[in-house]
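What follows is a single structure, written as structure tokens, with notes after it.
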Protein chains: 2
Amino acid sequence: MKKKELQGVKEIARRANVAIATVDRVIHNRTGVSAKTREKINKIIAELNYQPNLLARRLASGKTISIAVLIPSVTEETDFWEAPLQGIQQAEAEIRSYGINVNLFFFELSDPNSFITQANRILDSTVDGIVLAPSFVDEAQEFTTVCQRNGIPFVFIDADIPGQQSLSYIGPPLFQSGYLAGKLSTYKLHETSKLLIVNIATSLDSFTYKQIEDGFKTYFTDHELKYPILRADIRQTDFASISNHLQQLFDANTDIDAVFVSNSRVFSVARFLDSRQSSQKPLLIGYDFVNENIHFLASGTIDFLICHQPKDQGYRSIMALYQHLVLLAPVAKEYYMPIDIVTQENQAFYRN
Amino acid sequence: MKKKELQGVKEIARRANVAIATVDRVIHNRTGVSAKTREKINKIIAELNYQPNLLARRLASGKTISIAVLIPSVTEETDFWEAPLQGIQQAEAEIRSYGINVNLFFFELSDPNSFITQANRILDSTVDGIVLAPSFVDEAQEFTTVCQRNGIPFVFIDADIPGQQSLSYIGPPLFQSGYLAGKLSTYKLHETSKLLIVNIATSLDSFTYKQIEDGFKTYFTDHELKYPILRADIRQTDFASISNHLQQLFDANTDIDAVFVSNSRVFSVARFLDSRQSSQKPLLIGYDFVNENIHFLASGTIDFLICHQPKDQGYRSIMALYQHLVLLAPVAKEYYMPIDIVTQENQAFYRN
DNA sequence: TATATTTACGGGTACGTACCCGTAAATGAG
DNA sequence: CTCATTTACGGGTACGTACCCGTAAATATA
């Protein structure tokens, strides 16, 4: 009569007339329980809609979960990956008390072998989940194929590889991002204007650039706007090469009134435009809230930066694995970031 | 020799040569400890930089923390407050296991008495912290004065009242928001263009509208742009009144090429512009990602919506109190939201 | 001085779950 | 049939903190 209602495993054990150790074995699918007892306990679990108390579980369990992060290192050239790293570290701080360790493995964007080396180090360790930036598509696919075979869940950050069994992709919707750039580039156009797309990277055959450029051009097709769209593919990323290349283009073409740079190297184009003594400066659009770009945005040389909240990408990629590994909850296959428009006027409050 | 290193209160007790119950009394500043013993224990706490294990603390403590939320109800007229409510509920779900209860108290934006009634109900309950939207400035100030006297921390959401001892303000930087609107409104201007600011609300003397309008006008002053800026203050919020008012204005003025609406009722202006058979539609800017506005954004009548992530505002306001009440950590006095520019092209990925 | 009250302190139990190790019973092998 | 191995099960301890209640010593009061 004075029996106080118990909770959790104790109540299940009481109802099933077994010890809580037996309930625990059923919950964790361990051996040492007869089929009959197991069935009886599972039925009570379902009736009670038993939800484990995560606080107690973490406190009692000695098990740790290891997450590996494989992303480009922050370089002098670009600090883009600083923000995802901060998001990753923020997530780690939040979930550390749940027994999660995050280990960082950096590679160089200029060296596919560094990716392979770090990927192999990850495979040599005991790892429960992986966050990776698939900057080198072939190498990343080889790596993720091994992960799939070993049953290790992985999350793509900032770029996707379609057709992979990733747990999740967390990054920008690239086609639509380029489409928006198309719209923004129209604000300073005249009847005789030309537009210029600038791609600056050592390797330009990736899925990423193609999506962005397709989106940009599709805006003009959809709206039946007939402006000529020039294109500059620049594989030497030093400023002198960029400057020469652009100089030749601008010399050969008057009326370039809008320039769209398909990645974060828009600061090089801004620098070029600033060094050019021209009465009319074209509208300039590029990507990413990195320090160099912020400087030219503040001075007005860059008109729009399109940004995809890289810090939140880092945060969410870790949290996706937490959700999968700790909460045992489903994770969205794709989480597209918002397409943020950053201008001189709102940049002070932008949260990258 | 085989003594395993202990952690937390056990290690402190070992070093101080007291029982853990005594350490507990010191940690919680309870009586029953001599000054000498208390000082010795506090010194060890500082040496070890003791951080309580929150999981264990919540598991062991029977105490609950009660947070009251005082915000406008979601109405047929505007669903703006739906998003903050979702953010609040998300935060609650995340921190419920830490012993936090969130209780919702809604008031009507058309009725200051409803605010007073709900505020008094909150004061009659046992409450540890409050999130409130200070829609009615005088009433809100009275309420927060009582909270201060009773030592109850409160967080302002979406609007601030300067000079109050709030724990935090979480909302948009309004002046800068209006300033950005000024910039955006220039994209379709010609030499003879006029601009129009539209304020639609029953009460227009609040701090909020003044900041926005000041920001808008300051953009033109700063850039020495001499366009005439008309203004419409509309206190009857039904569509017929708005329509009549605007019709008269447009009849009396040709060349209104940009319209800036200072709140979420921009859908009424959009509807008016759509009903007007005019060959040239002015650029239209307003606030908030509410359903009616999204509809006109998608169709192209509205060119820009300026948004301040109201869902995240709700989430962060609860988390600010959690940080203060549970983590005992400092909270930023002001957390300004990003100023988001939402267009037809990026609206599908906007996370309100 | 005797008695009552207050202060200082510690053992023990609780929270909900994880998991070790021991015991009894059932099953398999020689 | 005897002995070895496996299976099923439960008591107990652990995790780190919170807090109750009992005991001894110190202090106050009559």
Side-chain angles (χ1 to χ4, degrees), chain A residues 2-42 44-45 48-65 96-100 325-328, chain B residues 2-42 44-45 48-65 96-100 325-328:
Chain A
K2 302 198 65 166
K3 204 75 174 186
K4 187 175 180 180
E5 177 98 343
L6 300 170
Q7 277 189 265
V9 289
K10 286 176 188 170
E11 178 61 16
I12 295 170
R14 193 189 63 84
R15 291 190 184 198
N17 209 28
V18 298
I20 60 177
T22 307
V23 175
D24 172 67
R25 269 185 285 268
V26 172
I27 287 172
H28 292 279
N29 227 26
R30 284 198 277 261
T31 58
V33 188
S34 68
K36 180 182 159 193
T37 305
R38 188 179 294 268
E39 187 180 334
K40 180 164 62 166
I41 290 171
N42 273 324
I44 294 168
I45 286 172
L48 290 180
N49 192 26
Y50 166 73
Q51 305 291 332
N53 180 319
L54 283 192
L55 304 190
R57 175 175 280 185
R58 282 319 318 159
L59 188 61
S61 172
K63 183 179 168 186
T64 61
I65 292 171
R96 185 181 289 118
S97 59
Y98 289 87
I100 299 193
L325 295 168
V326 176
L327 302 185
L328 306 178
Chain B
K2 304 199 65 168
K3 204 75 173 183
K4 185 174 179 180
E5 177 97 342
L6 300 169
Q7 277 190 267
V9 289
K10 287 175 188 170
E11 176 63 15
I12 295 169
R14 191 188 65 83
R15 292 191 183 197
N17 210 27
V18 297
I20 60 177
T22 307
V23 175
D24 172 68
R25 269 184 286 268
V26 172
I27 288 172
H28 293 280
N29 227 27
R30 285 197 277 259
T31 57
V33 188
S34 67
K36 180 182 157 189
T37 303
R38 189 179 293 268
E39 186 180 333
K40 179 164 63 168
I41 291 173
N42 272 324
I44 295 168
I45 286 174
L48 289 179
N49 192 26
Y50 165 73
Q51 304 290 332
N53 181 318
L54 283 189
L55 303 191
R57 174 175 281 187
R58 285 321 315 164
L59 186 63
S61 173
K63 183 181 169 185
T64 60
I65 291 170
R96 185 181 287 119
S97 58
Y98 289 87
I100 298 192
L325 294 169
V326 176
L327 303 185
L328 306 179

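Order of the sequence lines sets the chain letters (A, B, ...), proteins ahead of strands, with each chain counted from 1.
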Roughly how far, to the nearest 0.5 Å, is the CZ atom of A/R57 from the NZ atom of A/K63?
9.5 Å
Between the opening five pairs and the closing five pairs of the helix from C/dT1-D/dA30 to C/dG30-D/dC1, how far apart are the helix axes, to 10°?
40°
Are B/L48 and B/R15 close enough that some pair of their side-chain heavy atoms sits under 4.5 Å apart?
yes
Under 3.5 Å, N/O pairs linking protein and nucleotides 23-28 of chain C:
none

Going through the distances and angles, do B/Y50 and B/I44 end up as a side chain to side chain contact (heavy atoms under 4.5 Å, CB included)?
CA-CA 8 Å; B/Y50 165 73; B/I44 295 168; over 6 Å; no
Heavy-atom contacts, protein to nucleotides 6-14 of chain D, under 4.0 Å, summarised as B (base), S (sugar-phosphate only) or - (none) per nt, yield --BBBB---
Heavy atoms under 4.0 Å, any strand shown: does B/N53 hit a base, just sugar-phosphate, or nothing?
sugar-phosphate
Check whether any side-chain nitrogen or oxygen of A/Y50 sits under 4.0 Å from OP1 or OP2 of C/dT17, and answer yes or no.
yes
In this structure, how many angstroms lie between the C1' atom of D/dA18 and the CG atom of B/L54, rounded?
14 Å
Rounded to whole Å, the OH-C1' distance (A/Y98 to C/dG16) equals 14 Å
Smallest heavy-atom separation, B/V9 atom then B/I20 atom, equals O-CG2, 3.8 Å
For the pair made of CD in A/Q7 and C1' in C/dC15, what is the distance, rounded to whole Å?
10 Å
Determine: side-chain N/O of A/H28 to OP1/OP2 of C/dC19, distance under 4.0 Å, yes or no.
no
Could you work out, with salt bridge (charged side-chain N to carboxylate O under 4.0 Å, His left out) as the rule, every residue matching B/R38, not counting sequence neighbours?
none
Which residue lies toward the 5' end of DNA chain D, B/R57 or A/S61, if each is placed at its nearest nucleotide?
A/S61
When rounded to the nearest 0.5 Å, the distance separating CG of B/L54 from CG of A/L59 is 11.5 Å
Whole-Å distance separating the CG atom of B/L59 from the P atom of D/dG16
12 Å
Just jot down the ring pair (Phe, Tyr, Trp, His ring centres under 6.0 Å) partners of B/Y98, sequence neighbours excluded, or say none.
B/Y322
Pairs involving residues 17-34 of chain B, ordered by first then second residue, that meet salt bridge (Lys or Arg N to Asp or Glu O under 4.0 Å) (sequence neighbours left out)
B/D24-B/R30
Ion pair present between B/E39 and B/K36, side-chain N to carboxylate O less than 4.0 angstrom?
no
Between C/dC15 and A/K10, is there an OP1 or OP2 to side-chain N/O distance shorter than 4.0 Å?
yes
If we check side-chain contact (heavy atoms from CB on, under 4.5 Å) with A/N42, which of these qualifies: A/T37, A/I27, A/V26, A/I12?
A/V26
What's the shortest heavy-atom distance between B/S97 and A/L55, and which atoms?
O-CD1, 3.1 Å
